[in-house]
Amino acid sequence: MKLLKNPIFVISLSFFTLLLLSSTVHFFILDNDIPQTQIIYALDGVTPIDKAPFSPSSKFWFGTDHNGNDFFYQIISGAKYTFLIMFLVSILRLVFSLMGGILLSFVHKKISLFLNSLINATYFLPVPLLCYFILYPILSSEALSFFEKGVFQIIMLVIVAVPMGSTLFWSELELIKKNDFILGAKIMGAGSYRIFTKHMVPHLIPKLILYYFQQCILVLLLMAHLGLIKMFFGGVILKEDVVSGVNKYVSLSNEWSGLIGSNYYQIVIAPWLIIIPVLFFSLSIIFMNLILASIKDYQATREVSKKEKIMIKRKTTLNKMSAFQPLKKSI
Amino acid sequence: MLAVPHLTFLLSVIGIFLIGALPFSFTGTQFQISKYISGLNQLIYFVFNPSEISYSTVMLSKRPLFPEVLTPYLYSMTILTMALIIALLLGVCSASLLYLSKHFRDKIKILLLILESIPDILIAVIFQFFIIWFYKNTDILLFQIASSYNEESYFIPVLTLSILPTILFTNVTFLNIEQEVRKDYFEIVKAKGFSDFYVILHHVIPNTLISLFYNSKLIFWYMLSNLLVIEYIFNINGIMNFLYTYGTPEVFTVCILMIFSPLFIFFSVGHWLIGRRGESYEAS
């Protein structure tokens with residue numbers, strides 16, 4: 001595919017595949033183990049030289065946190081949760097928004113305009129805060145399991161975006177419906193289902209792909225914000241830090257937003273604990289944006305080449321026709 | 001639908017109510033419609049009796065919401081407006097300058113794309129680190145990084161909040177300028193002998209402003225989510241921090257209404273002012 005020849009696309013895609021691959025390797029082969037070193041001893045093995053947290057060095061690539069957990073492994077271990085949540089939530093958002101958009105296009109126009117205005121108000125809602133209010137009692141309760149909390153959070157993240165997505169797809173569908181060929185198909189007698197599958201879907205698919213990647217970016221941003229206000233995936237528990245006795249919020253999974261939120265209080269003491277997950281988030285969002293841009297370019301070039309092909313075809317037929325013109329006009 | 005702004009406003013308010021009542025309706029992971037409806041009733045009651053809304057935490061006694069909330073609200077709104085104006089001015093200026101310098105014109109797009117994708121957390125964290133590092137090395141506290149009880153800092157929040165919108169405005173303006181220069185009037189005015197700079201200043205920018213207005217909805221949304229991060233990181237007593245600390249669903253809904261109404265008025269007035277001239281520029 002032409003996309004794979006685009007170097008930007010390949011680099012961005014390999015960033016994600018590399019992280020996801022190493023995360024799965026870590027989970028299955030290394031058994032999700034995070035090495036912990038609390039105190040470094042001198043060569044004799046008795047006298048302590050330094051204690052956790054350790055800053056990034058050649059021994060600990062990303063340093064360690066207060067308990068001595070190697071941060072590099074924490075990041076790798078958390079990558080799979082972050083990316084899997086991102087992929088899953090984006091796909092679910094896509095599916096449900098599409099269904100919502102199709103539903104909206106079946107109702108009477110006045111009803112859909114009414115619903116449109118209703119939903120447009122929610123555009124300025126600060127979504128992290130809304131999720132905070134809904135998720136807080138769930139995520140801090142001890143009665144629910146990790147899996148239940150995770151599923152609930154995923155459902156919540158999908159629901160907050162479906163109304164806006166539905167109106168988006170509804171307006172796209174209405175735009176496609178205005179084309180002449182739809183009217184032509186209707187006159188020829190095509191039913192709604194056939195018009196939809198054969199005529200509207202080919203125009204929808206590029207937009208679906210763009211929507212998917214845009215949602216990936218928005219989900220990453222939302223997760224970063226939620227992690228900052230301590231809504232961790234899989235639950236928040238208040239743990240007492242063994243060494244210093246400070247209460248800190250710990251996430252049950254090592255997901256990146258959880259890493260940011262739980263280590264935030266030590267931003268001055270151990271800055272790498274904040275900067276590194278934030279950097280990884282930023283890199284993910286940047287690479288996702290580059291993927292989005294390269295897909296947009298690819299779609300644009302596909303359309304251009306189609307038109308060029310048609311122009312070339314037209315030119316050649318014209319040339320052929322002119323070749324058959326009589327040289328002289330005979331009276 | 002903005003042809004009938006009163007109706008749109010009413011529907012938008014209803015939409016906010018419907019969403020704001022969601023936190024009431026969950027017990028555990030079960031969604032109960034009875035609780036949702038009772039939550040809606042509670043919200044409606046509170047909105048018509050705003051003096052009765054109160055907020056409290058474990059350590060704080062009950063306090064009435066109004067007029068206590070107006071301080072953080074106005075603080076946040078000031079920061080937002082100032083940041084928006086600065087971002088708009090800087091964005092338009094830098095986009096024009098970027099377009100006028102033929103050297104940068106072609107190479108800037110990828111850089112702008114990368115800059116655009118930087119999340120707000122990174123900017124806020126970097127800013128904080130920079131100030132702390134500067135203080136450690138030079139013993140000068142650049143500006144108040146975090147607000148204390150009575151003193152409110154404006155410079156740092158506005159600066160941090162305006163960085164990303166500037167980049168977004170630059171991007172949008174740059175693309176618009178590129179579109180505008182392909183139109184006929186540009187060639188005509190240039191053929192009359194005016195310089196690039198003059199044309200951009202007097203003809204292109206006013207046309208791009210209309211398109212900017214339609215894009216500013218997205219930028220506003222981005223700034224609101226940016227505001228949450230900045231208020232949290234810099235410990236500013238703004239409306240987002242207020243909601244985070246003292247939030248209950250009715251407080252949340254009322255504050256959202258307070259944020260939403262000026263924005264709605266702004267967009268309606270803008271639509272009305274632009275009128276029929278802007279129909280060709282409308283994004284969607």
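So you know, we letter chains A, B, ... as the sequences are listed, proteins then strands, and number each from 1.
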Discussion item. Run the ring-ring contact (aromatic ring centres under 6.0 Å, His included) test against A/F133 and tell me which residues pass, sequence neighbours left out.
Written reply: B/F252

Region of [X] in contact with chain A, defined by heavy-atom distances below 4.5 Å:
X      : answer
B/L243 : both
B/I110 : side chain
B/F17  : neither

Worksheet item: Between A/V151, A/L115, A/N120, A/I275, which residue shows the highest count of heavy-atom pairs closer than 4.5 Å to chain B?
Response: A/I275

Worksheet item: Pick from A/I285, A/I119, A/L220, A/L228: which one has the most heavy-atom pairs with chain B under 4.5 Å?
Response: A/L228

In Å and rounded to the nearest 0.5 Å, what is the [atom1] to [atom2] distance from [X] to [Y]?
X      : Y      : atom1 : atom2 : result
A/Y123 : B/L263 : OH    : CG    : 11.5 Å
B/L7   : A/L113 : CG    : CG    : 10.5 Å
A/L118 : B/T8   : CG    : OG1   : 11.5 Å

Worksheet item: Side chain, backbone, both or neither: which part of A/I8 has an atom under 4.5 Å from a heavy atom of chain B?
Response: side chain

Worksheet item: Side chain, backbone, both or neither: which part of A/L218 has an atom under 4.5 Å from a heavy atom of chain B?
Response: side chain

Contact leader toward chain A among [options], where contacts are heavy-atom pairs under 4.5 Å:
options                       : answer
B/V229, B/I16, B/I126, B/V125 : B/V229
B/Y244, B/W221, B/F9          : B/Y244
B/L227, B/I259, B/I114        : B/I114

Please examine the side chains of [Y] and [X], heavy atoms only from C-beta on, and report whether any two atoms are closer than 4.5 Å.
X      : Y      : answer
B/Q128 : A/I274 : no
B/I121 : A/L221 : no
A/P128 : B/L228 : yes

Fill in: Sequence neighbours excluded - side chain to side chain donor-acceptor pair (under 3.5 Å) pairs with any residue from residues 274-296 of chain A
A/N289-B/S117

Practice prompt. Anything under 30° is parallel, anything over 60° is perpendicular, the rest tilted; go ahead and classify B/F260 against A/F124.
Written response: tilted

Practice prompt. For A/I229 and B/M240, run side-chain contact (heavy atoms from CB on, under 4.5 Å): C-alpha distance rounded to whole Å, both residues' side-chain angles, the deciding distance at 0.1 Å, then the answer.
Written response: CA-CA 11 Å; A/I229 52 179; B/M240 296 290 182; over 6 Å; no

Item to complete: Step through the shown structure and confirm whether more than 12 heavy atoms of other residues, nucleotides or ligands are within 6.0 Å of CD1 on B/I44.
Response: yes

Item to complete: For A/L125 and B/I256, work out which heavy atoms get closest and say how close.
Response: CD1-CG2, 3.5 Å

